[in-house]
Student: 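One structure, as structure tokens, below. Some questions next.
Residue numbers begin at 1 in each chain, while the letters A, B, ... track the order of the sequences.
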Amino acid sequence: MSNVRKPYDLSEIKIPRGEIHLIKDRCKGCGFCVEYCPNNVLEVSDEFSEKGYHPPVVANPERCLNCGLCEIVCPEFAIWSTLKEEVEASIEG
Amino acid sequence: MKANPGDVFTGSYYIDGDVAIAYGAIAAGCKFLAGYPITPSTEAAEAFTKRTPEVGAIFVQMEDELGSIAAVLGASWAGKKVMTITSGPGFSLIMENIGLGAAIETPFVVINVQRGGPSTGIPTGAGQADMMQSRWGSHGDYEVITLAPDSPQEAFEFTIKAFNLAERYRVPVMLMADECVGHMTEKVVVPPASEIEVENRKYYGGAKDAYFPFKRGAGLVPPMAKAGEGYGLYITGLTHDEEGHPILDRDLKEATLRASIDKIRLNADKIIELKEDRVDDAEVVVVSYGITSRVALKAIEMARKEGIKVGALRLVTVWPFPEKRIAELSKKIKGFVVPEINYGQIAFEVDRCSHGNTNVILVPHGGASVHNPEDIFGAIKQAVEAKKRYPQLVSYKTALEKQISG
Amino acid sequence: MAMAEKGKVEEKHPMEQLLRMDRMPHIWCPGCGIGISVTAFVSALKKLEFDLNKMCVVSGIGCTGRVAGYIKLDSFHTTHGRAIPFATGIKMANPDLKVVVFSGDGDLVSIGGNHFIHAARRNIDITVILVNNFIYAMTGGQVAPTTPETAYTTTSPFGNFETPANIPQLAEAAGAVYVARWTALHVRRLEKSIVEAINKPGFSLVEIVAPCSMYYSRINRLGAGIDMMRFYHENSIIKHDEPTENLAVGYQKQIIVGKFIDRERPGFIESNRRWSAEAKG
Amino acid sequence: MRTNFGKVLSGTHNFSGSEACAEGALSAGCGFLAAYPIVPSLEILERFSMRFSDFGAVYIQMEDEISTLAAVLGAAWTGRKAMTVTSGPGFSLMMEHVGLGIMLETPCVIVDVGRFGPSEGIPGKPGQGDVMQMRWGSHGDYEVIVLSPNSPQEMFDLTIRAFNLSEQYRTPVMVMTDETVAHMREEVTIPLVEDIEIIQRRYYKGPKDKYLPFKRDENLVPEMVDIGEGYRFHVTGLTHNEKGYPIIDAETQEANVHAIVNKIRLNSDKIVEFEEDNIENADVVVVSYGITSRDVSEAVQRVRGEGVRVGTLRLITVWPFPEKRITQLAEKIKAFVVPEINYGQICFEVERCARGKAETLSVFHDRSDDNGVSNIIDTIKRALQGSV
């Protein structure tokens, strides 16, 4: 977009890409992680866990920024993210 | 006196023991319940609460059990029939004011739905380990009455009985249920009000300025007066005389304490209630109370099938203890078997009252479940087969105990 | 398949080092806010700059009372209402320890109300994390000292008519030096407050308004835990330094959150030492 | 560790029972006392609050007796020897935490200065109405150790013994005294520090991650660790396994109760202590404890002058009760006489253990009555006549 000015340090900014880890059988399907993921990485799956809950599924893995909110908002210690890579920022992002 | 029809929900219900307790209390005319939630007794308070608007009763959920029992004592002196409902840890917390209640001769009912202990223990499992506490848990000397129901139907009936005894003797009455009875759902028949005998408090009727709160007539139980009716009551937990004044430095003989104990001890024969089954020809008598008496029945049938003559003696009132009856039986039989969901409480009392005339075999159980009838049966066989008089109370080694102690 | 199984075992949640994984799964219901309070606490612990071996957690009875059993520090699950005095004993006997009381509203301000007042008054150097779910959940949903007016519980079947306790106001009046309140939704801010509270010398309190998705929400038909979280999202407002008299919580009304008190007051041990020194001359 | 034993007042002093108790506690290494003021136990806290800083101990007056015992239990887990002091009503308030102390198997000492009860009773007069409460006052099954001193010297000695037993068996131990013993002033000899026998806490020394708070030795007693040493242990008042984790099933409950009860029952012969006098050839034995035993001495002196063969048995440990000895004596004598400042408590236990072999006569020992001692004498005589 031409009307967006390009930050002068754009080349230095690294955007983290996270990887979601999920222990499905700990999930009790409360939906907090799905609801509060700021980048809508997660969705409720149709799958059943061992105890009959619907665990989340990583629907948009490329959008995870490894912010860690899912980890802290999950009451069951079932989900967390780790840093996979850092990518160059771009204004199209 | 008959129960007030408005308080009796006549009918046939399929309810648990806790709810039956609430119905019993309401039928007995209880108009004030103070309590604090504790498993496994909470359902009783919940059931009571739901009925409060219909019968004009008050339920207050206090900040803790100490508050609850104190409120109960206050409400009793304001003229209501009162109770509190609790379980083990809460029961320990009310100990101080049980003593106050006994000292100032206040009628009230305490429901203890016993769970596994000590401490927090097993909240959802049965126990019978507060039986001695119900008699001895507060400091100083006092006497109380303790009842133990073995079914929801009895939970209903005994709650009424508890209120009647409390009012008749101006004394704390403990209904010692257990988690099994509290949570067991069975048919409970609530008869019409005309068939429920309810006793009301004896109030003083004389001149207001001549009223002494602890002055006894022939019957050992002093009549009561309500707060706020011009009697100028002076009630204290300090040791007091007939007028209610503290005696402190005066001679103890002026104190009414002895009389407050004697009103139970000397009336024990009238208070004590037992249920006996096939005791007359028995070689062995199983002494039990509460849920354990139902388990014992099974063991008794097993023994009878093998030709052993076993009788059952069930304590309806656990305190006062049926001293005389136990002593009498001890001379005739080969042994008592005492199953309890504890490591020996009432068994010691049976042992004491047997005066070494017969063997006493405790069947212990740590709690959280009921006895295996096999264990009680085993103890019955041990009692029949015993060749000698044991030097002291013996504890039957149950399968579970064997497994644990290796 | 075997590979996958193996892979599963190797997956380790980053909080596991501070949790008793042999006790999992925990007892809390789906959508309960206590689990989030624990994750916020554990994240806070990771940010602290002292030896966690020197910290212990004391709980009373109730759903939140079970927290001590899941945190892998020296931990005590004590009697109902008495977590604060138990913690006081620990702190007095060994002032080098950091002591955190983690318990519920009924436990700490009803049956334990007296101890709450006096520990704050003495300014005992402990941190109290109080999960307020407006109900006695462990025993099946009875009215609590915090139950909002008109809310239904099993022992207020016709709606609660009692005035609930305003916990931050109580804490302030009694003498607490740090008082904050967040909902279970404000996890990051909550985490920060827990760090601040633990680092603050003296009696600090963090109240967490949390969903009881099983009893409070079911009896009052408020939906699942997620629905209560959405309610917090829409109805909580951050007002730092708000006078605590304004912090009462009504039934499904606005919840004011933030840090309300952060002040200095001599602590019990400090005063005790000063007085002893003076007395000795 | 923190105790400065240089401050132990070795030597002979004229102490009240309360002062002796406080000195005994400090000499035993008591590092923590929490209490709430109640007559007639005040003098113990007063003495302690004057002296604690010399020993590096901690003293805190809590908001009530409930919190007091909770604080003591918390303090005990930091490695300090801890104690509380109270009287009747306060003791009743402690009942729940006696159970927690038993369940967490926490060493601590509870001193109950008996006043006349029930309820507020007569705060300034001695009572022995808490003796059954000591044994049965908290809910659930457990066993306790209760010591009963009858002089200021014993207030000193038995307070130390109480700490020793509590450490040895990892259990709360109670010192049951009474208003008179607490207030009477007598000569008390405090030995040299090296002559005071102290049993230290048994600590676990294995690898930190292998510590099990309830793993038992052959005496069923588990080892302890202190908070803050990196063991990261958990303990709970719920029924628990060796690890200290709550387990809700009958088997764990049985194992838990079994251990708590039997660590005292199976060791009771080692714990039980009593004192006998003129037992040989006695026709009547007077069983007593605490202050009552001193009145018994006087009564017995008098009747012996009349040629009555009477012996005495004084309980030093009231619980565990010397069951076997009473049964043994019952075979040989005609009757037990049991004077107590209550309407009959330990007499029931004597009666039980006598197993019908000897009679048991209870005496309400009214110390406010000039005839207190002669009531005991009369009962001794009645016991002799009754059986002849």
Student: For the interface with chain D, which of B:Asn357, B:Ile122, B:Asp130 has the highest count of heavy-atom pairs at distances below 4.5 Å?
Tutor: B:Ile122
Student: Indicate whether the side chain of D:Asp141 and that of B:Asn342 have a donor and an acceptor atom separated by less than 3.5 Å.
Tutor: no
Student: Side chain, backbone, both or neither: which part of B:Ile104 has an atom under 4.5 Å from a heavy atom of chain D?
Tutor: neither
Student: So D:His234 and D:Tyr245, would you call those rings parallel, tilted or perpendicular, with 30° and 60° as cut-offs?
Tutor: tilted
Student: Please classify the contact between B:Ile261 and chain D as side chain, backbone, both or neither, with a heavy-atom cut-off of under 4.5 Å.
Tutor: side chain
Student: Quick one: which of B:Gln128, B:Gln133, B:Met95 has the most heavy-atom pairs under 4.5 Å with chain D, could you say?
Tutor: B:Gln133
Student: Give me the atom names and distance for the closest heavy-atom approach of D:Pro322 to D:Val272.
Tutor: CB-CG1, 3.7 Å
Student: Against chain B, label D:Tyr343 side chain, backbone, both or neither, depending on which of its atoms sit under 4.5 Å from a heavy atom there.
Tutor: both
Student: Side chain, backbone, both or neither: which part of D:Asp249 has a non-hydrogen atom closer than 4.5 Å to chain B?
Tutor: backbone
Student: Please rank D:Pro89, D:Ala250, D:Ala255 by heavy-atom pairs under 4.5 Å with chain B and give me the top one.
Tutor: D:Pro89
Student: Please determine whether the number of non-hydrogen atoms from other residues, nucleotides or ligands lying under 6.0 Å from atom CG of B:Asp249 exceeds 12.
Tutor: no
Student: Between D:Glu179 and D:Arg115, is the closest basic N to carboxylate O distance under 4.0 Å?
Tutor: no
Student: Between D:Thr327 (side chain) and D:Cys353 (backbone), is there a donor-acceptor pair under 3.5 Å?
Tutor: yes
Student: Side chain from CB out, backbone as N, CA, C, O: work out which of these in B:His365 comes under 4.5 Å of a heavy atom of chain D, or both, or neither.
Tutor: both
Student: Quick check on the interface: out of D:Gly129, D:Pro118, D:Gly99, D:Gly117, who has the most heavy-atom pairs with chain B under 4.5 Å?
Tutor: D:Pro118
Student: Kindly write out the residues that satisfy side chain to side chain contact (heavy atoms under 4.5 Å, CB included) with D:Asp370, not counting sequence neighbours, or none if the list is empty.
Tutor: none
Student: Tell me, side chain or backbone of B:Ile247 under 4.5 Å from chain D's heavy atoms, or both, or neither?
Tutor: side chain
Student: Sort out for me which of D:Gln345, D:Lys357, D:Lys324 touches chain B most, counting heavy-atom pairs under 4.5 Å.
Tutor: D:Gln345
Student: Measure D:Ile247 against the heavy atoms of chain B and call it side chain, backbone, both or neither at under 4.5 Å.
Tutor: backbone
Student: So for B:Pro391, is it side chain, backbone, both, or neither that comes closer than 4.5 Å to the heavy atoms of chain D?
Tutor: backbone
Student: Would you check, one step at a time, whether the test side chain to side chain donor-acceptor pair (under 3.5 Å) holds for B:Asp351 with B:Ser354?
Tutor: CA-CA 5 Å; B:Asp351 188 35; B:Ser354 304; 5.4 Å; no
Student: Below 4.0 angstrom, N of the basic side chain to O of the carboxylate: do D:Arg355 and D:Glu323 qualify?
Tutor: no
Student: Are B:Glu105 and B:Lys263 within salt-bridge range, i.e. N to O under 4.0 Å?
Tutor: yes
Student: I'd like to know which of B:Gly101, B:Gly237, B:Ser134, B:Ala102 tops the heavy-atom pair count under 4.5 Å against chain D.
Tutor: B:Gly237
Student: For chain D, which of B:Cys353, B:Ser405, B:Pro246, B:Gly140 has the most heavy-atom pairs under 4.5 Å?
Tutor: B:Gly140
Student: Heavy-atom distances under 4.5 Å only: say whether B:Gln114 touches chain D with side chain, backbone, both or neither.
Tutor: neither
Student: Non-hydrogen atoms of chain B under 4.5 Å away: do they reach the side chain of D:Leu100, the backbone, both or neither?
Tutor: both
Student: Please determine whether a side-chain nitrogen of the Lys or Arg among B:Arg115 and B:Glu179 lies less than 4.0 Å from a carboxylate oxygen of the Asp or Glu.
Tutor: no
Student: Given that the side chain runs from C-beta out, which part of B:Thr124 has a heavy atom under 4.5 Å from chain D: side chain, backbone, both or neither?
Tutor: side chain
Student: Name the option with the most non-hydrogen atom pairs under 4.5 Å to chain B; the candidates are D:Met95, D:His258, D:Met103.
Tutor: D:His258
Student: Need one label for D:Ser138: side chain, backbone, both or neither, based on atoms under 4.5 Å from any heavy atom in chain B.
Tutor: both
Student: Most heavy-atom pairs under 4.5 angstrom with chain D, which of B:Ser369, B:Gly367, B:Gly127?
Tutor: B:Gly367
Student: In terms of relative ring orientation, are B:His245 and B:Tyr234 parallel, tilted or perpendicular, with 30° and 60° separating the classes?
Tutor: tilted
Student: Do the side chains of B:Arg265 and B:Glu143 get close enough for a salt bridge, i.e. N-O under 4.0 angstrom?
Tutor: yes
Student: Tell me, side chain or backbone of B:Phe321 under 4.5 Å from chain D's heavy atoms, or both, or neither?
Tutor: neither
